[in-house]
Amino acid sequence: MLKITHLHKKYPGESLGAVVDVSFEMSGQEVLAIVGRSGSGKSTLLRMIAGLAKPDSGTIAFRGEPLKDPEEQLIAGHDKIKMVFQDFQVKPNMTVAENVRYKLLHFTGQFQQERTNELLEMCGLVSLASKMPHELSGGQQQRLSLARALADDPELLVMDEPFSNLDPIIKQDLLLELTDIVRKEGIGLILVSHDVQDALLIADRIAYLEDGKLLQMDSPKVIYRHPATLAIAQFFGRVNNVSALMNKKNTFVRAEDVHVHVEGASQALSITAMVQSCRFLGSRYLVTAQSGDTNLSLYHSHTLKTGQKIALRIDQSCVLHFS
Ligand SMILES: Nc1ncnc2c1ncn2[C@@H]1O[C@H](COP(=O)(O)OP(=O)(O)OP(=O)(O)O)[C@@H](O)[C@H]1O
């Protein structure tokens, strides 16, 4: 449904390019999370998909139709691709319900009423229908922005760091609600996120950008378990270099795949190490330990003492190799 081919974008004065030769395809009802470090080109790519920025070269087509040039058209992009703005582009003098209905004025009165009610219900806004936007919390305002975007009957929603100003748990709940809504509506969603947990939680596929290039695009499980590069592995969590311990060059393992030894574990590689530090993280402890010249990070359910000797097991199936 969305087809991006050899997309390039370079800002004036920039040497490398913000988006470099990005190509991918996306089906109609997919949730795609674009991730990458700060400055990797996520927002630039999203803005081009939303029709808000013009590529230097390459094409973006939706349902086989190329996007309209933002510099030549009054309404840029594609009328079925809708960006949900995080700065709440709502009408301040209208109630919540009026804000949604305002988007439906070209329909019959009955349809306006029915669709407004449906969208308020879907976005959890029924009890707030007669409130003014300034009376809403941040999360409620974001729900209103979403309801207004959905009123335009999009086939693809694009969002830049949605709900990023909210508390982590509220944000995750809203993201889950958002994916339920887009699935119910049968539409696609592309969102930019700098939070890997959010991306893993809701995305069907994750696209990892680095220096403007699309380095990997896979399901959460594949990108996490089989990252294409060490940088991608490190983006998703702490990674230990265990080349010396495993006697094999360029061998790495995630902190969560190093376990304090359990007797009888199969396929175990038992390593002795000394605890260097142990920090409380709430649900678990972050432990650093030294084994020979190798420093290891791992997580453990209980506190360990500095200087304590421990035996460690590394899941062989979780070992990562990069050339
Ligand atoms: N308007 C602009 N003018 C010049 N350079 C820009 C402009 N917008 C972005 N850039 C540059 O383009 C590159 C990509 O920026 P972009 O905002 O797309 O990255 P990002 O991955 O979304 O970053 P962040 O996670 O920090 O928001 C960066 O090097 C940035 O400095």
Side-chain angles (χ1 to χ4, degrees), residues 2 4-24 26 30-60 62 67 69-73 76-78 81-89 138 142 145 149 156-168 171-172 174-175 178 188-203 205-218 220 223-224 227-238:
L2 178 72
I4 291 182
T5 317
H6 299 303
L7 211 59
H8 286 265
K9 173 85 182 170
K10 197 159 143 185
Y11 293 103
E14 221 201 348
S15 55
L16 293 170
V19 169
V20 182
D21 200 19
V22 168
S23 301
F24 68 87
M26 186 182 155
E30 206 177 347
V31 175
L32 175 70
I34 302 175
V35 303
R37 292 185 167 77
S38 183
S40 56
K42 305 181 293 294
S43 298
T44 303
L45 175 59
L46 197 78
R47 286 174 55 77
M48 289 193 284
I49 295 169
L52 301 171
K54 187 185 171 185
D56 296 340
S57 60
T59 56
I60 305 175
F62 190 66
L67 260 61
D69 184 338
E71 285 167 17
E72 288 167 14
Q73 300 287 328
H78 193 288
I81 302 179
K82 189 80 199 162
M83 179 116 175
V84 186
F85 289 95
Q86 302 305 297
D87 53 356
F88 322 125
Q89 295 189 340
Q142 304 240 12
S145 293
L156 176 63
L157 280 183
V158 294
M159 301 176 87
D160 200 345
E161 301 275 3
F163 319 131
S164 55
N165 54 345
L166 302 179
D167 296 340
K171 180 175 66 156
Q172 288 197 348
L174 273 174
L175 285 170
L178 172 66
L189 170 67
I190 303 182
L191 54 90
V192 159
S193 177
H194 67 265
D195 188 321
V196 292
Q197 294 305 322
D198 292 349
L200 291 169
L201 181 72
I202 64 160
R205 281 193 299 167
I206 297 176
Y208 179 88
L209 289 187
E210 188 176 289
D211 297 336
K213 299 186 198 86
L214 178 60
L215 290 198
Q216 190 169 4
M217 185 160 163
D218 272 311
I223 204 166
Y224 184 82
T229 66
L230 178 58
I232 299 175
Q234 288 168 329
F235 184 77
F236 286 90
R238 288 174 188 275

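Just so you know, these numbers use all the heavy atoms, side chains as well, and skip hydrogens, waters and symmetry mates. Counting starts at 1 for both ligands and their atoms, following the listed order.
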Review point. Knowing that exactly one of Phe235, Tyr224, Phe24 qualifies, which makes a ring pair (Phe, Tyr, Trp, His ring centres under 6.0 Å) with Tyr208?
Key: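 Only match with Tyr208 under ring pair (Phe, Tyr, Trp, His ring centres under 6.0 Å): Phe235.
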Check your understanding: Taking atom CE of Met159 and atom CD1 of Ile34, what is their separation to the nearest 0.5 Å?
Key -> 13.5 Å
Point to revise | Spacing of Leu191 atom CG and Glu161 atom CD [to the nearest 0.5 Å] | key: 9.0 Å
**Study point:** Intermediate values then yes/no, side-chain contact (heavy atoms from CB on, under 4.5 Å), Val35 and Val196
**Key:** CA-CA 7 Å; Val35 303; Val196 292; 5.6 Å; no
Exercise for review: Would you please write out the protein residues whose heavy atoms approach any atom of ligand 1 to under 4.0 angstrom, listed by chain and number?
Suggested key: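 Close residues (ligand 1, cut-off 4.0 Å): Tyr11, Glu14, Ala18, Arg37, Ser38, Gly39, Ser40, Gly41, Lys42, Ser43, Thr44.
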**Study point:** Check: Lys10 side chain, Asp56 main-chain N or O, donor-acceptor pair, under 3.5 Å
**Key:**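 No; zero donor-acceptor contacts below 3.5 Å.
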**Study point:** Residues Leu46, Met83; criterion side-chain contact (heavy atoms from CB on, under 4.5 Å); working and verdict
**Key:** CA-CA 9 Å; Leu46 197 78; Met83 179 116 175; 4.1 Å; yes
